[in-house]
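In what follows, a structure is listed as structure tokens, so that the remarks can point back to it.
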Amino acid sequence: MAKVSIAKGMRDFNASEVFKRQYITSAIREVFETYGYAPLETPSMENLSTLTGKYGDEGDKLIFRVLKSGDFLKSVPQDASRDAGKWSALVSDKALRYDLTVPFARYVSTNLNEVKLPFKRYQIQPVWRADRPQKGRFREFMQCDADVVGSDSLWQEVELMLIYADVFKALQLPVRIRISNRNILAGMAEFAGVAGSFMAFCTILDKVDKIGIDKVKEQWVELGVLPERADALANMIQLSGEAGLEKLASLNAQATEDVAFVVKHFNENNANPDATLLFDPSLARGLDYYTGCVFEVEALDVSVGSIGGGGRYGDLTGIFGVKNVPGVGISFGLDRIYIALEEKKLFPNDVAPTPYVLGVNFGDATSARTFQHITALRRAGIMAEFYPEKAKMKKQFDYANARNIRFVLVIGDSEAEKGVASIKDMTTGTQEEVKLEEVVGYLLSVA
RNA sequence: GUGGUUGUAGCUCAGUUGGUUAGAGCGCUUGAUUGUGGUUCAAGAGGUCGCCGGUUCGAACCCGGUCUUCCACCCCA
């Protein structure tokens with residue numbers, strides 16, 4: 001056993017895994033581009049100060065900080081206390097990106113003169129979190145984001161929901177999208193008498209699926225929710241759909257109308273019967289910066305957690321000194337979609353391209369001639385490979401079989417004398433003799 | 001960050017209350033078939049039992065530490 005190992009929570013991807021991942025990202029990229037989003041790439045590292053304070057206290061702890069180079073302890077006093085949080089800013093000034101939204105906000109803030117608003121960008125890059133790994137949770141994982149800034153229009157929300165539906169239609173993965181609005185939750189917190197502890201109120205609410213409504217009520221009361229209103233709140237969060245929106249309109253009429261608008265126009269345009277968009281007031285979402293609609297996507301019948309999420313942030317660039325640039329965005333979690341497709345066996349068989357023809361190598365006398373035919377096949381767009389060593393026929397056929405290569409091209413002395421090539425179809429076991437000058441045409445015709 | 005779990009051949013896993021040369025299936029190599037794969041048969045290669053230390057006459061097995069995996073919290077994609 002080797003002494004080296006891979007870093008915790010990090011992964012290698014072999015050929016088959018890469019092809020499957022590309023299958024997913026291609027589907028996402030294609031839909032993003034069809035909807036008019038343009039690509040953006042940002043660096044792996046940002047200034048630490050760009051990232052801290054954007055994801056809440058918990059989020060800050062999960063940011064991978066990068067040590068300063070050189071004598072990074074220089075600025076820490078000899079008798080410093082061992083409080084890492086206190087000194088980390090002195091030894092670290094940059095960090096790996098934690099998501100794609102904040103780097104995007106940084107980009108918009110620093111390039112405001114160059115971007116034309118509304119600005120629609122997509123970004124498919126890895127992000128890093130110093131989390132403890134589990135199934136579907138990695139320290140390095142790929143996010144696929146589409147965001148638009150500079151528009152308050154709810155049509156953007158409608159469009160993003162349709163992107164979800166279209167992507168999961170392409171991948172044939174049945175999903176449920178849940179939608180809510182932060183202001184509905186704010187209304188609930190106000191009704192509960194804990195408007196001052198809004199975030200904590202949401203965090204508790206978010207756990208309803210896991211711990212049940214009774215525990216949620218208990219924790220709410222501990223937080224300071226008026227006990228006589230806990231039951232009413234419990235009833236509220238169990239409402240859903242159109243009827244739920246009507247009943248909750250008193251909390252925040254604008255917010256419920258907004259959600260209704262998005263659902264209505266989504267349904268008018270949606271072409272994927274296996275993607276449903278449903279209002280669910282129990283949807284909270286953890287991130288601090290959402291201000292309007294929030295969404296979350298789950299794959300049906302797969303226990304992998306959410307495979308996507310997003311929401312509207314009224315003023316993300318505000319923290320970078322650029323006011324009044326509202327935005328809304330969604331994210332796809334590539335790694336979790338991968339797990340879902342794998343579990344449901346939804347990857348097509350042909351995601352990994354395999355060579356179509358293998359040229360048998362008989363040694364110097366005939367290999368040059370066979371190689372020329374392989375070259376001709378490649379120029380004609382046929383994936384072909386030449387067995388590099390002079391090896392036994394058995395071994396070469398075995399290789400073709402193991403690699404799922406369909407045709408084996410044999411040009412030995414007996415073929416050469418007749419001016420033909422033997423072409424064997426490995427799927428049927430049949431073999432035909434084809435004139436040398438017709439090899440390319442023959443293989444094109446059966447492709 | 002808290003609590004637990006896992007690690008034995010390339011892969012999936014056995015391995016008795018600690019006992020001498022650590023096993024199976026699949027895969028791999030070679031041959032039966034010196035110009036033909038998938039089936040069959042035969043033979044063969046391959047392991048410091050995650051790593052470090054301790055207990056013991058003796059450790060894959062017991063104890064401690066460490067790394068990794070997975071799980072529950074926390075949080076999230």
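First the proteins, then the strands, lettered A, B, ... as listed; each starts at 1. These numbers come from the heavy atoms of this one structure, side chains and all, not from hydrogens, waters or symmetry mates.
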Verdict with reasoning, A:K344 to A:D301, per salt bridge (Lys or Arg N to Asp or Glu O under 4.0 Å) = CA-CA 9 Å; A:K344 302 199 85 172; A:D301 314 313; 3.8 Å; yes
What orientation do A:Y122 and A:F32 show, parallel under 30°, tilted 30 to 60°, or perpendicular over 60°?
->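 The rings of A:Y122 and A:F32 sit tilted, inter-plane angle from 30° to 60°.
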What orientation do A:F407 and A:Y356 show, parallel under 30°, tilted 30 to 60°, or perpendicular over 60°?
->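 Plane angle over 60°, so perpendicular.
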Measure the distance from [atom1] on [X] to [atom2] on [N] and round it to the nearest whole Å.
| X | N | atom1 | atom2 | result |
| --- | --- | --- | --- | --- |
| A:K395 | B:A32 | NZ | P | 15 Å |
| A:D413 | B:U34 | CG | C1' | 15 Å |
| A:E296 | B:C76 | CD | P | 9 Å |
| A:E385 | B:G37 | CD | P | 19 Å |
| A:M393 | B:U36 | CE | P | 6 Å |
| A:N14 | B:C11 | CG | P | 13 Å |
| A:D398 | B:G35 | CG | P | 16 Å |
| A:I177 | B:A77 | CD1 | P | 16 Å |

Separation of the [atom1] atoms in [N] and [M], to the nearest angstrom:
| N | M | atom1 | result |
| --- | --- | --- | --- |
| B:G23 | B:C63 | C1' | 27 Å |
| B:A24 | B:U20 | C1' | 22 Å |
| B:A22 | B:C61 | C1' | 12 Å |
| B:U16 | B:C62 | P | 10 Å |
| B:A9 | B:G27 | C1' | 11 Å |
| B:G50 | B:A14 | P | 14 Å |
| B:A45 | B:U6 | P | 34 Å |
| B:U68 | B:U29 | P | 34 Å |

Look at the side-chain N and O atoms of [X] and state whether any lies under 4.0 Å from the OP1 or OP2 oxygen of [N].
| X | N | answer |
| --- | --- | --- |
| A:Q134 | B:A72 | yes |
| A:K8 | B:U68 | yes |
| A:K392 | B:U33 | no |

Base, sugar-phosphate alone, or nothing: which one does [X] contact when heavy atoms must sit under 4.0 Å apart?
| X | value |
| --- | --- |
| A:Q431 | base |
| A:E140 | nothing |
| A:T203 | sugar-phosphate |
| A:G429 | base |
| A:Y399 | nothing |
| A:V127 | nothing |
| A:G9 | sugar-phosphate |

So what's [N] paired with, Watson-Crick or G-U wobble, going by both distances under 3.5 Å?
| N | result |
| --- | --- |
| B:U55 | none |
| B:G3 | B:C71 |
| B:U20 | none |
| B:G25 | B:C11 |
| B:A42 | B:U30 |

In terms of side-chain geometry, is the basic nitrogen of A:K61 or A:E58 positioned less than 4.0 Å from the acidic oxygen of its partner?
->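 Result for this pair is yes, salt bridge flagged.
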Taking only Lys NZ, Arg NE, NH1 and NH2, and the carboxylate oxygens of Asp or Glu, determine whether A:D335 and A:R11 approach each other closer than 4.0 Å.
->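 Salt bridge present between A:D335 and A:R11.
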Please tabulate, for side-chain N and O atoms in residues 161-176 of chain A, each donor-acceptor pair with protein atoms closer than 3.5 Å (sequence neighbours left out).
residue	atom	partner	partner atom	Å
A:Y164	OH	A:G309	N	3.0
A:Y164	OH	A:G309	O	3.3
A:Y164	OH	A:S331	O	3.0
A:D166	OD2	A:Y35	OH	2.7
A:K169	NZ	A:A271	O	3.3
A:R176	NH2	A:E298	OE1	2.9

For A:F332 and B:A77, do the ring centres fall under 5.5 Å apart while the planes stay under 30° apart?
->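 Not stacked by the 5.5 Å and 30° rule.
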Between A:T430 and A:R137, who's closer to the 5' end of RNA chain B by nearest nucleotide?
->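 That would be A:T430.
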Along RNA chain B (nearest heavy atom to each residue), the more 5'-positioned of A:I307 and A:P133 |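 Result: A:P133.
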Quick one: pull up CD in A:Q143 and CZ in A:R97 and give me the separation to the nearest 0.5 Å.
->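 CZ of A:R97 is found 9.5 Å from CD of A:Q143.
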Base [N] to side chain [X], donor-acceptor N/O within 3.5 Å cut-off:
| X | N | result |
| --- | --- | --- |
| A:N401 | B:G37 | yes |
| A:R129 | B:C75 | no |
| A:R132 | B:U69 | no |
| A:Q396 | B:G35 | no |

Report, as yes or no, whether the 6.0 Å neighbourhood of atom CD on A:E30 holds more than 12 heavy atoms from other residues, nucleotides or ligands.
->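 At most 12 heavy atoms, drawn from other residues, nucleotides or ligands, come within 6.0 Å of this atom.
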Which nucleotide in the set B:G37, B:C76, B:G35 lies at the smallest distance from any side-chain heavy atom of A:F397?
->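 For the A:F397 side chain, the nearest candidate turns out to be B:G37.
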